Amino acid sequence: MPVVSIQDVGQYDGQEVTLRGWLYNLRESGKLLFPIFRDGTGTIQGVVSLKDQPAAFEALRGLTQESSVIVTGRIHADKRAPGGFEIQITAIEVVQRVPDETPYPIQLKEHGVDFLLDRRHLWIRTPRQAAILRIRAQAVRAAHEYMDSQGYILTEAPIFTPAACEGTTTLFEVQYIDDQKAYLTQSGQLYVEATAMALGKVYTFGPTFRAEKSKTRRHLTEFWMLEPEAAYAHLEDMMVLGEGLVSHIVQSVVKNRPRELETVGRDVTKLANVKAPFPRITYDEAVKILQERGNSAKWGDDFGGDEETILSSTYDRPVMVHRYPTALKAFYMQPDALRPELALGFDMLAPEGYGEIIGGGERIADYDLLVKRLRESNLPEEAFGWYLDLRRYGSVPHAGFGLGLERTVAWICGTEHIREVIPFPRMLYRVYP
RNA sequence: UGGGGCGUGGUCCAACCGGUAGGACACCGCACUGUUAAUGCGGAUGGUGUAGGUUCGAAUCCUACCGCCCCAGCCA
């Protein structure tokens, strides 16, 4: 008897199989029971009658939601069944029955956000949440595929770091051994610059932490970032890499996770156009577009949520805005040789108001300029000694960017809030469960 | 941190100008051989975030605190 996953039952039409999973819901109609089982790969309706299978009927009748079960029966296509296939149950083994006095708390009806987040460890069992996490996994896999195909080597950055890379106000401080202090990384960028000088083209993928007091649908205090960095690369190279990477991620999810996209209710036609090349506009042009649309943006302003939404809603795919004023960007950003008031950086804005999914650009290669910028930013020079070494020993032009995984997945899934796209979201005022 | 909103049975909500806190779902029982968050009938349990104040009387009005949501800033 083959043990199969629910996602594969279509290949077993007419055959008897065993499924291992949980009871998701149970409907009754007279001497018929219609249980719905889930196993993490999908859901399937079962059917059992008292007359034909009295033992299985009795075992299933009154069974509590989320009890774990091993089900044996014949798969057959039936238009009346949700999903097109159902299993005609011949035997059922209850692995653990959820006690009647402590029923499963998450019902099929609506719940509030706080209630669900307090039970996130159970909420992820619901089909929509499971589908989102499967899409996330596919996005990660596609990202690795693409970086590998472009000759980039995965190198890991440390999570304990001695200092900030963009300023100290948003760092989580931790006590290290004895009286030492360390901080949780807010970006692997400085380290990936070092490994780029060692290996040429590299990227890092890992968790990053920001103690920002941000309470919006686009922020987490712990999120995952993919950061490529390449020696001898320039701004243009990174914009090409960024659009190629995002195109590949989106198209891979569309191709390999159609069922999950349907489960989350995503309009897939909006993802179909997401193919390189993406539109590019300069910061100057962006300001002009905003002013034409009646926005009050002036040259020198950074863009907020409203501005990003106006810009991104102009296009059917992500848009890249490049050459921002130097004053708006991090200390390590290379100024444009032709217009030093502009930095050779770019942001990629996702459509439909999902905001910035990529930020990056060319780094300062010159030792003296980097020291000057460090001092202007009031950063502790001694903590950056190793970083300055990179400009002392064979410094070359180099560039990179950071891709926010959760924002990218939230956009692909069309979720209202970023908290749904990571298994256990860490937010301002929430570290449980 | 600022602005706005909200805290009522296990869950989701209602209760107008202060006057007996109610419904749906969930749960239990019965009926039903094709249900689609099944349906119909019946039943039991159980609640006003916390602390004060005003009042004959507070879920409702006032004050403080606690918690949550949304928006803004910052960012990915």
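Letters go in sequence order (proteins before strands), and every chain restarts at 1. Quick caveat, the model's predicted, so the values are computed rather than measured.
By the 4.0 Å N-to-carboxylate-O rule, R280(A) lies close enough to E243(A) to be salt-bridged with it. A salt bridge does not link R259(A) with E262(A): every distance from a Lys NZ or Arg NE/NH1/NH2 to an Asp or Glu carboxylate oxygen is 4.0 Å or more. Salt-bridge annotation for E381(A) and K372(A): absent, with no side-chain N of the basic residue lying under 4.0 Å from a carboxylate O of the acidic one. Looking at E420(A) and R128(A), a side-chain N of the basic residue comes within less than 4.0 Å of a carboxylate O on the acidic one, giving a salt bridge. The pair D118(A)-R430(A) meets the salt-bridge criterion, with a side-chain N (NZ, NE, NH1 or NH2) lying under 4.0 Å from an Asp/Glu carboxylate O. A salt bridge is absent between R20(A) and D39(A); no separation between the charged side-chain nitrogens and carboxylate oxygens falls under 4.0 Å. E376(A) has a carboxylate O that lies under 4.0 Å from a charged side-chain N of R373(A), or vice versa, which qualifies the two as a salt bridge. Ion pair R217(A)/E416(A) not flagged as a salt bridge, since none of the NZ, NE, NH1 or NH2 atoms sits closer than 4.0 Å to an Asp/Glu carboxylate oxygen.
In this structure, D301(A) contributes its side chain and K298(A) its backbone to a donor-acceptor pair below 3.5 Å.
Between H76(A) and D13(A), the shortest heavy-atom contact is CA-OD1, 3.2 Å.
Regarding R27(A), its CZ atom lies at a distance of 10 Å from the P atom of U35(B), rounded to whole Å. When rounded to the nearest whole Å, the span between CD of Q186(A) and C1' of A76(B) equals 11 Å. With rounding to whole Å, E227(A) atom CD is found 13 Å from C75(B) atom C1'. Whole-Å rounding puts the L26(A) CG to U35(B) P distance at 16 Å. Atom-to-atom, CZ of F34(A) to P of U33(B) comes out at 11 Å; the value is rounded to the nearest Å. F223(A) has its CZ atom 12 Å from the C1' atom of C74(B), to the nearest Å. The distance between atom CG of L349(A) and atom P of A76(B), rounded to the nearest whole Å, is 12 Å. Rounded to whole angstrom, the span from the OH atom of Y24(A) across to the P atom of A26(B) amounts to 14 Å.
A distance of about 13 Å separates the C1' atoms of A24(B) and A37(B), rounded to the whole Å. Rounded to a whole angstrom, the distance from the C1' atom of A26(B) to that of C66(B) is 29 Å. Nucleotides G5(B) and G42(B) place their C1' atoms 41 Å apart, quoted to the nearest Å. Between C68(B) and U35(B), the distance separating the two P atoms is 45 Å to the nearest Å. Taking atom C1' in both C27(B) and C70(B), the straight-line distance is 34 Å, to the nearest Å. Rounded to whole Å, the separation between the C1' atoms of U60(B) and U20(B) comes to 15 Å. If you take atom C1' in G23(B) and the same atom in G4(B), they sit 30 Å apart, rounded to whole Å. A distance of about 28 Å separates the C1' atoms of A44(B) and G7(B), rounded to the whole Å.
Using modelled atom types and a 3.5 Å distance limit, the side chains of S5(A) and T41(A) yield no donor-acceptor pair. Side-chain contact, Q189(A) with E227(A): no donor N or O sits under 3.5 Å from an acceptor N or O. Using modelled atom types, one finds a donor on one side chain and an acceptor on the other under 3.5 Å when comparing Y324(A) with D347(A). A donor-acceptor contact under 3.5 angstrom links the side chains of T170(A) and Q186(A), judged on distance only.
Checked against G34(B), U33(B), C75(B), the side chain of E86(A) finds its nearest nucleotide in G34(B).
Here C71(B) is in the anti range [glycosidic angle more than 90° from 0].
Looking at heavy-atom distances under 4.0 Å, I358(A) makes contact with sugar-phosphate atoms alone, never a base.
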When you compare the protein's N or O atoms with those of nucleotides 69-73 of chain B, which come within less than 3.5 Å of each other, and at what distance?
| unit_1 | atom_1 | unit_2 | atom_2 | d |
| --- | --- | --- | --- | --- |
| C70(B) | OP1 | R419(A) | NH1 | 3.3 |
| C70(B) | OP1 | R419(A) | NH2 | 3.2 |
| C71(B) | OP1 | R217(A) | NE | 2.5 |
| C71(B) | OP1 | R217(A) | NH2 | 2.4 |
| G73(B) | O6 | K215(A) | N | 3.2 |
| G73(B) | N1 | K213(A) | O | 2.9 |

Shorter than 3.5 Å, N or O on both sides, protein versus nucleotides 43-46 of chain B: list them out with atom names.
none

Identify each atom pair where a protein N or O and an N or O of nucleotides 27-32 of chain B are less than 3.5 Å apart, giving names and distance.
| unit_1 | atom_1 | unit_2 | atom_2 | d |
| --- | --- | --- | --- | --- |
| C32(B) | OP2 | K31(A) | NZ | 3.3 |
| C32(B) | N3 | G30(A) | N | 3.0 |

All N/O pairs under 3.5 Å across the protein-nucleotides 7-11 of chain B interface:
| unit_1 | atom_1 | unit_2 | atom_2 | d |
| --- | --- | --- | --- | --- |
| G10(B) | N2 | Q107(A) | NE2 | 2.7 |
| U11(B) | O2' | E110(A) | O | 3.4 |
| U11(B) | O2' | H111(A) | ND1 | 2.9 |

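Taking the six-membered ring wherever Trp is involved, the centroid distance between the rings of F160(A) and Y183(A) does not fall below 6.0 Å. Aromatic rings from H144(A) and Y203(A) are positioned such that their centres are separated by under 6.0 Å.
Each of R407(A) and L32(A) was assigned the nucleotide of RNA chain B with the nearest heavy atom; the assignment lying further toward the 5' end belongs to L32(A). Nucleotides of RNA chain B nearest to D78(A) and L328(A) differ in position, and the one nearer the 5' end is that of D78(A).
Identified under the side chain to side chain donor-acceptor pair (under 3.5 Å) test for residues 405-414 of chain A, with sequence neighbours left out: R136(A)-E406(A).
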- Message: Show me the dot-bracket string of RNA chain B, counting Watson-Crick or G-U pairs under 3.5 Å, with | for pairs to another strand and [ ] for crossing ones.
- Response: (((((((..((((.....[..)))).(((((.......))))).....(((((..]....))))))))))))....

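Annotation: side chain of I6(A) is not in contact with side chain of F85(A) (no heavy-atom distance under 4.5 Å).
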